[in-house]
Amino acid sequence: MDFYSGRYRKAELFIRKTGEENGEFSLKKNGQQVVTTEVTSDTFHKATIELCENTEYQMDWMNSLISQMYLCGNEDIEETGIKHLVVNNEWPERAEVFDTPWREQFHFTPYVNWSNDPNGLCWFRGKYHLYYQANPHEQKWDNMYWGHAVSKDLVHWNYLPYALDPQSEILESDNLVGGAFSGSAVVLPDGLRIFFTRDLEERGKAETIQQSQSTAFSRDGLAFSEEQTILPAYAVEGIDMNFRDPKVFRNGENWYMLLASNYFGKGSILLFSSKDMFDWKFIGPLLQEENPEIPSLECPDFFPLGDDAWILLASVMGMRTEYGVYQPVMYYIGEWKNEKFTVNRRESCDFGCNFYAPQTLEHEGRRIMLAWICDWEGEQVTTRHGAYGGFTLPRELSVREGRLYQRPIEEVYRLQRELLLWQNGGKAVSVEVPGNSYYSCIEFCGKTEFEISLFDDGKDYLKIIGNNSMVELISSKNKDPQARFVAETEELKKLEIFMDRRTVELYLNDGEKAGTKIFMNPNRNGRITFRFAEETKVTHISVHRMEAIWTK
Ligand code: FRU
């Protein structure tokens, strides 16, 4: 394979041998050998190669497999992003990687392979940084790396090199699994400090799990060093192996850390405090769930919102909502005084079943949340060069009448392109949408039952049914018979639909309720069909095509 370095000064690739024999890797510069090496490991290892700018390279590899390779190392990498290479002839060009029915067009996804939780979400030196749980090698969860991307608007992203790797002992052994688990970032005057969990376990043996908390520092947000353990596994009496996902924030004189855990048999979020971010004192549980079926509350986030409310977000393992949705994200709204949190209201954040591990950031007065589009029921179809797991639209949070509201940030609305339908009133109508990425808005002025079809091929369907006080999303591909995707409201005034190939997000009444659902639609085009029982109770309906964010 040949490539041209252009302005990039480094290449990073993940390689392993494929059989008993060692593999071989070689790189030539203008025909002259610069690297030859044996590939000895059965597990993927990262190789970093220094390159000369504007140079032709020829690369060969035998009896080995490369999961990903990209060019990086240029000074303005945040502007250019890394350049993924087509590592063998089986790899399609960038446009073909992105433009498939299985890839969201205006939701961020990893370039290929697996991602889960957003991590270290922050505004740092003029850009939004998103790190995320990632397996660069396959479309399934395995040893965890931190993927990394950067954006000026939280909508268009540039991929950056993977920021954290699993521990080397894990990479050396097929029997061990774990890596750099979820965590958060704190922006400091001289750089970025991250807090995250190091997980180490023997494959398939839950009793061997060791979860400890680490911190690392970076001047530029790209390369992290000075990693050190700040809390070892089982650091607190009464916890089990669940001890992860540090969320660190400052309040007054103190730094605080929240951790997902189980404390004396109850799923809990633990609170720690520190003066210097290294020496942490256990204060006690910030919140506990009484239900014994909840082993832990993952990925906590905690922040002030509105005049005097504090919001705690938690991804509740093992729980089912009143509509049977498994592992919901709950928000708890209340007061935070003298290191005690008093909850006034507890509600599920999203009425779909593909929303997990949200994280927030605060910038210029906006509190913005991104979550992982999870798939507990295994509805996703894995395709070659596919991305399994992406991220929801960034949602701006606010409090109204003691409840959490979530709306897509205004930058998302700027992706609207051609108007495909504008209709006053609710006459039945159907529109084909080339590309199946669109935004639709329906405004109501009274009570009516309705049905909106987002897919129907006679066998499978995805539809929204509703009336003035409830909306239900129904998918024939839903694999969880216990779960229904229902949002209740006092009066439905507005319904917004963000359909993006395999993901749909619904918003009611400017963010009173939000729901995320995946649906595998193999077609290139979408079709939306509206039917209202009382046509006069609909003010208008619109459908706009949405522009893809994958522009280069
Ligand atoms: C949530 C989670 C976290 C953990 C990470 C590992 O999805 O289980 O608790 O840190 O994923 O990838």
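Read the numbers this way: they start at 1 and go in the same order the structure lists the ligands and their atoms.
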For Ser182, counting its heavy atoms only, list the atoms of ligand 1 lying under 4.0 Å from any of them.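 Matching atoms, with element in brackets: 5 (C), 10 (O).
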Before we go on, tell me: are the rings of Trp550 and Phe98 under 6.0 Å apart, centre to centre?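 They qualify: ring centres under 6.0 Å apart.
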Just which atoms of ligand 1 are under 4.0 Å from any heavy atom in Tyr356?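 So the answer, numbered in order with elements, is 1 (C), 7 (O).
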Answer with yes or no after comparing the ring centroid distance for Trp336 and Phe341 against a 6.0 Å cut-off, counting only values under it.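 Ring centres of Phe341 and Trp336 not closer than 6.0 Å.
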Considering the heavy atoms of Met144, write down every atom of ligand 1 situated less than 4.0 Å from one of them.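 Near Met144, the atoms of ligand 1 are 12 (O).
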Test: Lys517 cationic atom under 6.0 Å from Phe485 six-membered ring centre, within 45° of axis: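 Judged by the rule (NZ or CZ under 6.0 Å from the ring centre, within 45° of its axis), Lys517 counts as positioned above Phe485.
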Are there more than 12 heavy atoms of other residues, nucleotides or ligands under 6.0 Å from atom CD of Glu237?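 No, because the 6.0 Å sphere around CD of Glu237 holds 12 heavy atoms or fewer from other groups.
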Hey, does Ile194 have a side-chain heavy atom less than 4.5 Å from the side chain of Phe224?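 Yes, at least one pair of side-chain atoms sits under 4.5 Å.
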Checking side chain to side chain contact (heavy atoms under 4.5 Å, CB included) against Gln213, which of Val248, Leu259, Asp245, Thr229 comes through?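 Testing each of Val248, Leu259, Asp245, Thr229 against Gln213, the sole residue satisfying side chain to side chain contact (heavy atoms under 4.5 Å, CB included) is Leu259.
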Geometry only, no angles: is Trp372 polar-contacting ligand 1 at N/O separations under 3.5 Å?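 Looking only at distances, the answer is no, because the N/O contact criterion of under 3.5 Å is not met.
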Return the residue, atom name and 0.1 Å-rounded distance of the protein heavy atom closest to atom 4 (C) of ligand 1.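 Here the closest protein heavy atom is Asp245 OD1, 3.5 Å.
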Any N/O pair Glu298/ligand 1 closer than 3.5 Å: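 Between Glu298 and ligand 1 (N or O atoms, distance only) the closest approach is under 3.5 Å.
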Glu104 side chain to Gly390 main-chain N or O, any donor-acceptor pair under 3.5 Å?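 Looks like no, no N/O pair under 3.5 Å.
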Considering only non-hydrogen protein atoms, determine which one is nearest to atom 6 (C) of ligand 1 and report residue, atom name and distance to 0.1 Å.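 Nearest protein contact, heavy atoms only, for atom 6 (C) of ligand 1 is Gln133 OE1, 3.2 Å.
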Check if Asn116 has a non-hydrogen atom at a distance under 4.0 Å from any atom of ligand 1.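 The answer is yes: ligand 1 sits under 4.0 Å from a heavy atom of Asn116.
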Distance under 4.0 Å to a non-hydrogen atom of Phe181: what atoms of ligand 1 satisfy this?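 Every atom of ligand 1 under 4.0 Å from some heavy atom of Phe181: 4 (C), 6 (C), 10 (O).
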Asp117 heavy atoms, cut-off 4.0 Å: which ligand 1 atoms fall inside?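 Selected atoms, number and element: 1 (C), 2 (C), 3 (C), 4 (C), 5 (C), 7 (O), 11 (O).
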